[in-house]
Number of protein chains: 2
Amino acid sequence: MTAPPIQPCFRALADPTRRDIVMMLARSDMTIGQLTDRFDMTRAAVKKHLTVLSDGGLITVRTRGRERINSLNPEGFAPVINWLSHFDQFWDDRLASLKSAIEGNEP
Amino acid sequence: MTAPPIQPCFRALADPTRRDIVMMLARSDMTIGQLTDRFDMTRAAVKKHLTVLSDGGLITVRTRGRERINSLNPEGFAPVINWLSHFDQFWDDRLASLKSAIEGNEP
DNA sequence: TTGACGTGATACCATTTGGTGTCATATTTA
DNA sequence: TAAATATGACACCAAATGGTATCACGTCAA
């Protein structure tokens, strides 16, 4: 029931390659090898990004044989969404309504 | 009508000090001197953070005499909000677990 | 069993980042 | 005018970051 730390989550999203990975994993689960095929960098570099994403709680990993399947973890966005909601007073668009929906409040 | 770049915005929010500054400016406009009084760092360091925030479009600055008044620019959040909205559908599917995550409960 | 495959881990490197100290400049104020 | 105030702009430094190359280890298939 301790709130997840916010810094690893923001840090994970601060890199464009990591945001691309998140977008890819939103479409389908992928192994490191599959992800590496889509980037112009080594597997070791992709692995580092995956570690940062995992530290940020944005992805989960499960083992299947010799493969490691990476999946998006939507709950991991909560710290960012929650922090942004502090600024609801400044905008009355979709974020506010999303936050309301999440909290089960009336719009 | 060109969409603002997303990377400077995410980068600006990736630092805890800068997020604190954003929170402070959400309450009231402040000069660099006033902000520096609230941090345990030099004015030069705060100035660097303000430059990053400005590059990210999250704050605006206006001059009043010898002072420079820093203000929050709510529209600057748009790139981040828009990027996160790509996952709306993903969240809708798992709204219950996201709700739990935000409330700090176990899934 | 013997490779080939998929991955993790580590050492190493260049660049970026967050911080300080210092000096220069513009604006108030005594 | 002279001094105090408020700020901007550098040069510099240690640490973090994003990348590579390389080696080690478990798993699958011939």
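Chain identifiers are assigned alphabetically (A, B, ...) following the order of the sequence lines, protein sequences preceding nucleic acid strands; residue numbering begins at 1 within each chain.
Taking atom NZ of residue B:Lys48 and atom C1' of nucleotide D:dC12, one finds them 9 Å apart after rounding to whole Å. Rounded to an integer number of Å, the gap from CG of B:Asn70 to P of D:dA6 is 14 Å. To the nearest angstrom, P of D:dA16 lies 18 Å from NE2 of A:His49. For the pair B:Arg18 CZ and C:dG19 C1', the computed distance is 12 Å after rounding to whole Å. B:Leu35 has its CG atom 17 Å from the C1' atom of C:dG19, to the nearest Å. Computed from coordinates, the B:Leu50 CG to C:dG18 C1' distance equals 14 Å when rounded to whole Å. If you measure from atom NZ of B:Lys47 to atom C1' of C:dT22, you get 17 Å, rounded to the nearest angstrom. As rounded to whole Å, 18 Å separates atom P of C:dC5 from atom CD1 of A:Ile32.
In this structure, the side chain of A:Arg19 engages the main chain of A:Leu13 through a donor-acceptor pair within 3.5 Å.
Side chain to side chain, A:Asp29 and A:Ser71 meet the donor-acceptor criterion of an N or O pair below 3.5 Å. Side-chain N/O atoms of B:Arg68 and B:Thr63 include a donor and acceptor closer than 3.5 Å.
Note on B:Arg68: every side-chain N or O is 4.0 Å or more away from OP1 and OP2 of D:dT5. For C:dT7, the OP1/OP2 oxygens have a side-chain nitrogen or oxygen of A:Thr31 closer than 4.0 Å. At D:dA29, none of the side-chain N or O atoms of A:Arg66 fall inside 4.0 Å of OP1 or OP2 (strictly under the cut-off).
A:Arg64 comes within 4.0 angstrom of no nucleic acid atom, judged by non-hydrogen atoms across all strands.
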- Query: Do A:Met30 and A:Ile69 pass the side chain to side chain contact (heavy atoms under 4.5 Å, CB included) test, and can you show the C-alpha distance, the side-chain angles, and the key distance before you say yes or no?
  - Reply: CA-CA 6 Å; A:Met30 298 176 76; A:Ile69 316 278; over 6 Å; no
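Residues B:Ala44 and B:Glu67 each lie close to DNA chain C; by heavy-atom proximity, the contact nearer the 5' end of the strand is made by B:Ala44.
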